[in-house]
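Written out below as structure tokens is the structure these notes cover.
Please read these numbers as outputs of a predicted model, since none were measured by experiment.
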Amino acid sequence: MKSFYISLLAFALITQGSCKKFLETEPSDFLAPETYYNTEKELMYALTGVYDVLGSPDLYGDNVFYHFDITDEGVYGHAGVTAGVQVYNFSSSDPIVAATWKTLYNGIGRANLLLENIGRPVMDEDKRKVIKGETLFLRGYYYFLLAQMWGDVPLILQTTRSPDDTQRPRAPLSQVYSQVLADLTEAETLVPSIKAVGFGGRANKSAVRGILARVCLYMAGYPLNDRSKYTDARNWAKKVMDDAEAAHTLNNSYNQVFINLAADKYDIRESLFEVEFWGNRSDAYTESGRLGSRNGIRCTNVDTGYSLGRINATPRFYHRYEALDERRDWNIAPYIYGGTDNAEREYWPESNTWQRSCGKYRRMYEVLLPKSTSFTPINYPILRYSDVLLMFAEADNELSATPSPEAVNAVNLVRRRAFGKNIHGENLSVITVTDGGNGYSSTNLPVIMITGGGGSGATARATVSGGRVTAVTITDRGAFYTSAPTITITGGGGTGATAVAQITTPGDADVPPGDHSSQNNFRAFLHDERSRELCFEGLRKGDLIRWQEFIAEMRAAGTEISQIAASAYKFESRAGLNVSEKNYLFPIPTNEMSLNRALVQNPGW
């Protein structure tokens, strides 16, 4: 059961986000301040309403990862979808874009109303400060999302009280970001430490500092290009890294980070801020999302974990990983579920890199039963410690003539975890067929036996073509090998096949020397490393835009798919080939422009 406000119903103070609804003189869906905010409990209910926006289907409940996170990492795997946000073919009247705009301003309106009435109850002042800090953090974060998606936006810091105040022009982006910094910086002084909170679903000092680092990196990049903010980004990330009380560190297992999100377990050393979901809408709780059911491993078996498997990784992203990087086959599932019970793993051929599902959010680890086909209790990771380490390294590199040992070490911590060094030491790196033999069956495959070498647990499967063993694919690399184990191939109706194994070596996970030999080399490496580590977490598009690499990377991914994918899957190139300069920003929703005539549309829309 989730820790945060499980006993409280999500309290919607304002349920409509358009200007018209905000400005009704006697709205039916609005609780007047004079009749509310009179007790500490009522403030907490109101704060729950501000948090509740995070889990909306228009944000992290669905849109952020299902519609908006289409980049060079993943594409929308449905041939019938030729128009929509997912394929970068939509208009300013798109309902999904409009709903997200509306929901973000809904959250800002709730926050404004709470802040205006926060002084009313007689209550403990320290608790009041915490509520204020959380509210400021959420308002600042909602404006940060608006700035990323739309650029200049109306800056509304008070509840609208007069029909004469309906026309709100777009504030310059620099002014919006200044307000974001003001809200977050004040919040940092008011919220408790993550250790005091005890879980990642509520604003805390580590979360605020980490988001401040992210905001400053965005300000340092395109379009503001305020390079002075690299210093601030570095400093905020360093505060998280140096916090002795929080003692942040990476979970030894990359996979476990996401198993925890599915299994309702908190790890405040790694997960600094996450959107909490619970229930599956077949029980009393309705605060569930669709993470994993939309973008998980394709599966029709409900008990295993039903998923449409609608987001497929791109070949360009797949090849961004080294073979020994264990994040690859977790983030990009090497199999789907099929068989007679739709629960057996069916592995993709090595050459097929365009049909592989996003595998990051795996429903088989959910502990709430029965499982739903549509809704999941998997928490959404907004900020993880590995992101803080990579942000620190990026900012530090931009401030240095050559990469510093401290920056390189921060990245090495991420990579050593990615290669599993802390949990299994050295293990199998590759198995090479030295003789394919003859007479082997492609339906009754031979068995691969792995023995010796001082370790254990390694497994592999054979590929047979034309009666010969053509490849041996490692399915589990095992643990703690000190020398190469012996490979024996038996069964399958054939004879004569042989293979040899190699194991990993100490230091092979670290940043290669050539990739930190100069500022430019390290910058390029970091851009790829952020993708490898943080894929499918809603960050890639924003990163590419602030680096001004969005169009080039999207076009490259789309072109590659069109060239190598099977003909039935060339449609996956649509997003990459459809993008243009206008897609740096979303259009201002048409209905908002009709209500607020002071708004000016974004270029190209």
Side-chain angles (χ1 to χ4, degrees), residues 12-30 49-50 52-70 81-113 138-139 141-173 175-176 179 541 578-605:
L13 294 174
I14 305 171
T15 61
Q16 300 294 328
S18 70
C19 295
K20 180 179 179 181
K21 288 293 183 181
F22 276 137
L23 298 176
E24 287 178 348
T25 55
E26 294 183 1
S28 60
D29 55 4
F30 182 86
V50 185
D52 189 61
V53 168
L54 286 171
S56 164
D58 304 322
L59 284 176
Y60 294 104
D62 198 358
N63 283 1
V64 166
F65 61 85
Y66 191 51
H67 297 283
F68 300 160
D69 197 23
I70 304 300
V81 176
T82 60
V85 180
Q86 309 98 310
V87 293
Y88 291 91
N89 180 22
F90 60 101
S91 71
S92 59
S93 60
D94 186 89
I96 292 171
V97 173
T100 299
W101 168 286
K102 176 179 176 180
T103 295
L104 285 168
Y105 273 110
N106 190 348
I108 289 166
R110 297 181 187 191
N112 287 340
L113 197 55
L138 291 169
R139 185 176 72 175
Y141 188 69
Y142 295 151
Y143 267 120
F144 176 45
L145 294 178
L146 283 164
Q148 288 180 58
M149 296 180 189
W150 284 278
D152 302 352
V153 293
L155 197 57
I156 302 171
L157 303 176
Q158 294 179 332
T159 53
T160 306
R161 302 180 184 279
S162 168
D164 296 328
D165 192 19
T166 61
Q167 306 306 297
R168 297 291 188 101
R170 300 171 68 178
L173 185 61
Q175 185 179 344
V176 177
Q179 186 61 49
K541 182 179 178 182
N578 281 344
V579 294
S580 64
E581 294 292 334
K582 73 177 184 179
N583 294 121
Y584 275 90
L585 296 171
F586 283 142
I588 305 296
T590 300
N591 63 319
E592 296 298 332
M593 295 193 69
S594 65
L595 293 167
N596 181 0
R597 292 182 299 278
L599 293 173
V600 177
Q601 186 57 272
N602 275 323
W605 294 102

Can Asn112 and Arg139 be said to form a side-chain contact (heavy atoms from CB on, under 4.5 Å), step by step?
CA-CA 8 Å; Asn112 287 340; Arg139 185 176 72 175; 2.8 Å; yes
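- Listed here is the closest heavy atom pair of Asn63 and Ile96: ND2-CG2, 3.4 Å.
- With hydrogens and angles disregarded, a donor-acceptor distance shorter than 3.5 Å links the side chain of Thr590 to the backbone of Ser92.
- Formation of a donor-acceptor pair under 3.5 Å by the Asn578 side chain with backbone atoms of Asn89 is not found in this model.
- Within 6.0 Å of CD on Gln158 lie no more than 12 heavy atoms contributed by other residues, nucleotides or ligands.
- Of all heavy-atom pairs spanning Asn596 and Arg168, the tightest one is ND2-O, 2.7 Å.
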Chi angles and distances behind the side-chain contact (heavy atoms from CB on, under 4.5 Å) call for Tyr143, Leu155:
CA-CA 8 Å; Tyr143 267 120; Leu155 197 57; 3.8 Å; yes
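- Judged purely by atom type and a 3.5 angstrom limit, Tyr142 has no side-chain atom pairing as donor or acceptor with the backbone of Ala111.
- Scanning for salt bridge (charged side-chain N to carboxylate O under 4.0 Å, His left out) contacts around Asp62 gives Arg290, Arg294, with sequence neighbours left out.
- The one candidate from Leu145, Val176, Leu173 that meets the side chain to side chain contact (heavy atoms under 4.5 Å, CB included) condition with Val153 is Val176.
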Verify side-chain contact (heavy atoms from CB on, under 4.5 Å) between His67 and Thr100, making sure each step is shown before the conclusion.
CA-CA 11 Å; His67 297 283; Thr100 299; over 6 Å; no
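- Residues that satisfy the side chain to side chain contact (heavy atoms under 4.5 Å, CB included) test with Pro172, not counting sequence neighbours, are Ser174, Gln175.
- The side-chain hydrogen bond (donor to acceptor under 3.5 Å, both in side chains) check on Thr82 picks up nothing, with sequence neighbours excluded.
- Under the 4.5 Å side-chain criterion, counting only non-hydrogen atoms from C-beta, Asn602 is not in contact with Phe586.
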